[in-house]
Amino acid sequence: MAQKRSKITIGLPVYNREKVIHKRLENILSQSFQDFEIIIYDNSDDSTQEICSDFKEKDERIKYFHEEEKHGIEYAFNY
């Protein structure tokens, strides 16, 4: 009987990372292990939101949450 692999959740809190988020997401998505989901929690006011939204539209493993109100890094990790 084959064992089912466990799904991994990658939490990614971001804030104004427009210069690096595209490459970071590409790196995660290109891994040989594919049984994962990415949860992005974003408070950015740069183009990070557009980049993350584009990735979310292309890959169903990505969950994206954008909040205008700034709660801080602890809140983002707990979220």
Side-chain angles (χ1 to χ4, degrees):
M1 178 187 262
Q3 277 188 314
K4 186 175 187 275
R5 291 183 285 165
S6 297
K7 184 180 231 182
I8 294 174
T9 299
I10 301 166
L12 192 59
V14 295
Y15 177 74
N16 290 348
R17 303 305 294 170
E18 67 185 2
K19 294 181 180 179
V20 298
I21 192 64
H22 189 274
K23 185 68 172 172
R24 297 297 179 258
L25 289 171
E26 281 184 338
N27 287 342
I28 294 169
L29 294 171
S30 70
Q31 300 299 308
S32 59
F33 181 82
Q34 293 289 305
D35 191 17
F36 61 83
E37 67 180 353
I38 302 170
I39 300 174
I40 304 171
Y41 180 85
D42 174 30
N43 282 139
S44 299
D45 50 23
D46 64 359
S47 66
T48 300
Q49 180 177 3
E50 289 82 23
I51 296 166
C52 291
S53 293
D54 286 345
F55 270 90
K56 178 185 178 239
E57 293 301 315
K58 295 175 187 173
D59 197 309
E60 65 184 20
R61 294 172 296 174
I62 298 175
K63 313 296 185 260
Y64 176 68
F65 303 93
H66 177 81
E67 290 199 49
E68 297 293 327
E69 189 174 334
K70 311 287 188 266
H71 295 288
I73 191 72
E74 294 85 11
Y75 181 87
F77 274 109
N78 288 329
Y79 185 86

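Side chains are part of it too, since the values below use all heavy atoms of this structure and drop only hydrogens, waters and symmetry mates.
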- Task: Only counting residues at least two apart or in another chain, list the ones meeting side-chain hydrogen bond (donor to acceptor under 3.5 Å, both in side chains) with Asp54.
- Result: none

Pairs under 3.5 angstrom only: tabulate donor-acceptor contacts from the side chains of residues 21-30 to other protein residues two or more places apart or in another chain.
unit_1	atom_1	unit_2	atom_2	d
Asn27	ND2	Lys23	O	3.4
Ser30	OG	Glu26	O	3.2
Ser30	OG	Asn27	O	3.0

- Message: Taking side-chain contact (heavy atoms from CB on, under 4.5 Å) as the definition, give me every residue that meets it alongside Glu50, ordered by chain and number, with sequence neighbours left out.
- Response: Ser47

- Message: Give me the atom names and distance for the closest heavy-atom approach of Ile10 to Phe36.
- Response: CD1-CD1, 4.0 Å

- Message: What's the separation between atom CD in Glu37 and atom OG1 in Thr9, rounded to the nearest 0.5 Å?
- Response: 3.5 Å

- Message: Just to verify, what does Arg61 make a salt bridge (charged side-chain N to carboxylate O under 4.0 Å, His left out) with, not counting sequence neighbours?
- Response: Asp59

- Does a side-chain heavy-atom distance below 4.5 Å link Ile38 with Phe55? no

- Task: Determine whether Ile8 and Asp35 make a side-chain contact, defined as any pair of heavy atoms from C-beta on separated by less than 4.5 Å.
- Result: no

- Task: Please report the shortest heavy-atom distance between Asp46 and Arg17, naming the atom on each side.
- Result: OD2-N, 3.5 Å

- Message: Tell me if a side-chain donor or acceptor on Asp45 pairs with a main-chain N or O of Asn16 at a distance below 3.5 Å.
- Response: no

- Item | Pairing residues for Asp42 by the side-chain hydrogen bond (donor to acceptor under 3.5 Å, both in side chains) criterion, not counting sequence neighbours | Ser44, Tyr64, His66

